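Notes follow once the structure below has been shown.
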Amino acid sequence: MSELHQLSLVELAAGLRARRFSSVELVRACLERIDRHQGTLNAFISVTREQALREAQAADRALAAGSAGPLAGLPLAHKDLFCTAGVRTTCGSRMLDNFVAPYDATVVARLRAAGAIMLGKTNMDEFAMGSSNETSYYGPVRNPWDPALVPGGSSGGSAAAVAARLVPAATATDTGGSIRQPAALCGITGLKPTYGRVSRYGMVAFASSLDQGGVLSASVADAALLLREMAGFDPHDSTSVDTPVPDYPAELEQPLHGLKIGLLREFFDAGLERENEQCVREALRVYGELGAELSEVSLPHLPLSVPVYYVVAPAECSSNLARYDGVRFGHRCENPRDLQDLYRRSRGEGFGAEVKRRIMTGTYVLSAGYYDAYYLKAQRVRALINEDFIRAFERVDVLIGPTTPTPAFAIGAKTADPITMYLNDIYTIGANLAGLPAVSVPCGFVRGLPVGLQVVGRHFSEARVLATAHAYQRATDWHRRIPRGYA
Ligand code: GLN
């Protein structure tokens, strides 16, 4: 029999129900793996050992009594920007090093209500700003495929933890690619739902018109299981949308025959490494064999998505992060002389370099003299990108392309040059600007490192996107590969 860490979330759920093992055994196995590998990977900021074991005992009682929820006894980790009552939420920042939220984020509350158990909070880029998990106050996360490489960001801790099978799945957030990009670089599945599908209540805000919570998991079927519990209207989030939540796991087996797949011409550009492109083209051949119809489509404004994003996201972040003033919560400097000194030193000490760069850029593009030239123009181009997508989806059901231009890169390789770092997001940002659902799944290896394939769908078509990606995982076994040393 496979060891517990080799089983998918779906298999673990079935095993718990059949009482082949207990939730306490499962949680202990995960905690042992975290203990063994945390020193190398640095995937966790907090591990909630005692609480997890207590919850596992309760889950075992509920499973025995037949009153268990759909995720009863399944261990998960949460990206450390989901507020968790009584457990520290740092957002990867010194600013929130001492912050303990008084309430659970809606995502956390829903997963808990479904019976899931929290094992801990995962490392991340500071305030989710980054593409490599190197901006964290708690140090970089390492890629389980090669500890000299980045896991991708900003949800790098969640991605590394799942890739190394320390936890079967984890929550994450995606503002410009932070679920899909680390999924690609760590060889796992990452789902970013439609903007508004999952409540943002209790998710520490970075760029509110782009942020969306989602899942990192070993398979699409596992992501579907979690999305069904996470998704849905929340009166606490005015941008969450009041439409019914489909039974995602039940809709996974939709046939692909006749599915219209669009290949985004702009995704196969000069920046895409040739070996990455070969993996993606090979995946497209698999789709052809499965009966899908492939055609090329063009989104003429898509190449502008990186500059648009790096105006809009910093603008929103500069406003969202104004609340960290050292007065009510978060870091406060020692012995402030006066109010100005309190603000200046609390923020100066609490925020890292990348966060400061974004706040300054954002404040600049929103300032009276530059608002029209930068922010307003960026919003206009954002609308054009959105229209491009809507037009493309009149012709095709899903768009498929690469998730990232290259596989994982060395820690430190891009930290000195923010623009090079920002270009990692070139294929993911479009879906955030347009609010579309997208998933990344592993589709091969280059130099022994995983490569991601991205599927983007119409608004609220998560069921279609998941079914498309699931069909690929039924036909291939890339998603079953576990890095050496962790199998
Ligand atoms: N890499 C992008 C950024 O640094 C996206 C981050 C994210 O999705 N949270 O803004």
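Numbering of ligands and ligand atoms starts at 1, following listing order. Predicted model only: the values in this text are computed from it and were never measured.
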* **D174, any N or O under 3.5 Å of ligand 1 N or O** => no
* Please work out whether any backbone atom (N, CA, C, O) or any side-chain heavy atom from C-beta onward of M124 is under 4.0 Å from ligand 1, and answer side chain, backbone, both or neither. => neither
* Asked: Backbone or side chain, does any N or O of T173 fall under 3.5 Å from an N or O of ligand 1?
  -> no
* To do: Keeping the roles fixed (side chain from D242, backbone from F233), state whether a donor-acceptor pair exists under 3.5 Å.
  => no
* Interfacing atoms of ligand 1 (cut-off 4.0 Å, heavy-atom, G176) -> 5 (C), 7 (C), 8 (O)
* To do: Please determine if K79 has a nitrogen or oxygen closer than 3.5 Å to a nitrogen or oxygen of ligand 1.
  => no
* Structure fact -> The protein heavy atom nearest to atom 5 (C) of ligand 1 is Y309 OH, 3.3 Å
* Please say whether F206 places an N or O atom under 3.5 Å from an N or O atom belonging to ligand 1. => no
* Name all residues meeting the side-chain contact (heavy atoms from CB on, under 4.5 Å) criterion together with P144; count only those two or more places apart in sequence or in a different chain, and write none if there are none. => L41, A160, A163, A164, C186, P483, Y486
* Asked: Are I179 and K79 close enough that some pair of their side-chain heavy atoms sits under 4.5 Å apart?
  -> no
* Structure fact -> For residues 441-452, the side-chain hydrogen bond (donor to acceptor under 3.5 Å, both in side chains) pairs (sequence neighbours left out) are E273-R447
* Asked: Is ligand 1 less than 4.0 angstrom away from at least one heavy atom of E354?
  -> no
* To do: Quick one: do L166 and F44 satisfy side-chain contact (heavy atoms from CB on, under 4.5 Å)? Show the steps, please.
  => CA-CA 10 Å; L166 311 186; F44 282 82; 4.2 Å; yes
* Asked: Can a non-hydrogen atom of Y422 be found less than 4.0 Å from any atom of ligand 1?
  -> no
* Distance-only N or O hit between ligand 1 and M129, under 3.5 Å -> no
* Sole residue of S155, S158, S46 in side-chain hydrogen bond (donor to acceptor under 3.5 Å, both in side chains) with T122 -> S158
* Of all the non-hydrogen atoms in the protein, which one sits nearest to atom 2 (C) of ligand 1, and at what distance? -> D425 OD2, 3.0 Å
* To do: List every atom of ligand 1 that sits less than 4.0 Å from any heavy atom of Y310, numbering the atoms from 1 in the order shown and giving each element.
  => 1 (N), 2 (C), 3 (C), 4 (O), 10 (O)
* Run the salt-bridge test on R391 and D388 with the 4.0 Å N-O cut-off and return the result as yes or no. => yes
* Structure fact -> Quick note on ligand 1: atoms under 4.0 Å from a heavy atom of A128 include exactly 6 (C), 7 (C), 9 (N)
* Asked: For atom OH of Y370, is the number of surrounding heavy atoms from other residues, nucleotides or ligands below 6.0 Å larger than 12?
  -> no
* Under 4.0 angstrom from ligand 1, any heavy atom of S154? -> yes
* Asked: More than 12 heavy atoms of other residues, nucleotides or ligands under 6.0 Å from OH of Y374: is that the case?
  -> no
* Any side-chain donor paired with an acceptor under 3.5 Å for S93 and E126? -> yes
* Residue, atom name and distance, where the atom is the protein heavy atom closest to atom 6 (C) of ligand 1 -> S178 OG, 2.8 Å
